[in-house]
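See structure below.
Remember, it's 1-based here, ligands and their atoms both numbered in the order they're listed. Nothing fancy with the numbering, it's 1 onward along the sequence. What you see below is based on every heavy atom in this structure, not just the backbone, and it leaves out hydrogens, waters and symmetry mates.
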Amino acid sequence: MPSKSAKDFFRPLALGAPQPLMEIPARPSRAIHFFDPSNEKMAAKVPQMVGTVDVLLGNLEDAVKADNKEAAREGLVRIAQETDGLGGGQGPTQLWTRVNALDSPWVLDDLTRLVTAIGDRLDVVMVPKVQGAEDIHYVDRLLAQLEAKAGLQRPILVHAILETARGVANVEEICGASPRMQGLSLGPADLAADRRMKTTRVGGGHPGYLVRQDPPAGADGSPDIGADRSTYQQDLWHYTIARMVDACATHGIYPYYGPFGDIADVLACEDQFRNAFLLGCVGTWTLHPKQIEIANRVFAPSVDDIRHARRVVAAMGDGTGAVMLDGKMEDDASLKQCLVMVALAEQLAEVDPALKAAYDEIEVS
Ligand code: GLV
Ligand code: MG
């Protein structure tokens, strides 16, 4: 028995706060690009990045020194106020922030200051180290109070980072804790530490996490364990991403890969991003401008995928029954797979002229 009537989930949690959304808009968010608003060099680049990246995120949490927490908060206020086309549900680039953790001395001021000063520009607040629904309920009510105080017309959405063992255990209840929930990101560094995993890398694979080919038979027919045998590195994050994708899909919200810390290894970065895309994620964090190009490419369906998807759509007519295409069976279910791709392509084409041109050139025979 739920402790709250289903109808009450869509009532504002404070008098005068905006109406919660019934559905989370599917806005392009292939790259959530992190910047430190206390770093003047980085902050100066923000205006030029508007329109080149789907989301700019002013980071206030980890990677910002304790002495710079206030400067980061105030820097973000200034950037939001001075940068055209950034955030507010309009324009080409969303504005997100990652506030400090709920047990930190900074988070109350982060939320209070940001919502009252730039709440009309903030699209999403990312909350780190979320453990359970209670963390989302706290943020939910506080945001409603602050929205009412600031006279906001549009609710600010909430994004949780999945980076504690308890958070993973509670992932479904976190996703369903509030109509504000926009999505989840994998936080591989904190999660590895919290679970006592034995990797010191920020995201990505590990050469020690592998499976090995069976030994071939030796001269006497017994297994020759000393023979050359291929090994295949496995993905440390597969389980968590799969759980995250299912929980998000169940609740109509969006899953994301998190940070990939080896900035120089663009190939391994691309592989991790692609695995996440194939499993159902809609985007990723980017920590360096060169990761943005990778994310924009990987989190969009390829031209070949869209050519194939359009052929299936055309061949399936009213969408029922089965057809053979290039020797392969297509039916109602594979049509739905193709429609997922086509819908994403259409949505991305609206914000990305190069992608639009590439998709427009496809000829379906
Ligand atoms: C991100 O916040 C992480 O901990 O990986
Ligand atoms: Mg973290």
Which pair of heavy atoms, one from I136 and one from S178, lies closest together, and at what distance?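 Closest pair (atom of I136, atom of S178, distance): CG2-CB, 3.9 Å.
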
Around atom NE2 of H137, are there more than 12 heavy atoms from other residues, nucleotides or ligands closer than 6.0 Å?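 Buried by this count: over 12 neighbours within 6.0 Å.
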
Kindly give the cluster partners of M329, where membership spreads through any ILVMFWY side chain lying under 4.5 Å from a current member.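 Its cluster mates, by chain and number, are M324.
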
Check each of [options] against [X] using the side-chain contact (heavy atoms from CB on, under 4.5 Å) test, and report the only one that passes.
| X | options | result |
| --- | --- | --- |
| L162 | L191, V168, L186, I241 | V168 |
| Q131 | N170, T164, D194 | T164 |
| R73 | V64, T112, V99, D110 | D110 |

Output all residues satisfying side chain to side chain donor-acceptor pair (under 3.5 Å) with R113, sequence neighbours left out; order by chain, then residue number.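 Residues passing side chain to side chain donor-acceptor pair (under 3.5 Å) with R113: E74.
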
What class does the angle between the rings of W96 and Y256 fall in, given that below 30° is parallel, 30 to 60° is tilted and above 60° is perpendicular?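 Judged by the thresholds at 30° and 60°, the geometry between W96 and Y256 is perpendicular.
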
Counting no waters, how many protein N/O/S atoms sit under 2.8 Å from the Mg ion (ligand 2)?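 If we list every protein N, O or S atom nearer than 2.8 Å to the Mg ion (ligand 2), we get 2.
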
Starting from the N and O atoms of ligand 1, find every protein N or O within less than 3.5 Å and list the pair with its distance.
from	atom 1	to	atom 2	distance (Å)
ligand 1	2 (O)	R98	NH1	3.0
ligand 1	2 (O)	E163	OE1	3.1
ligand 1	4 (O)	E163	OE1	2.9
ligand 1	4 (O)	D190	N	2.8
ligand 1	4 (O)	D190	OD2	3.0
ligand 1	5 (O)	P188	N	3.1
ligand 1	5 (O)	A189	N	2.7

Quick one: do the D304 and S302 side chains pair a donor with an acceptor below 3.5 Å?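 No pair is found: no donor N or O on one side chain lies under 3.5 Å from an acceptor on the other.
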
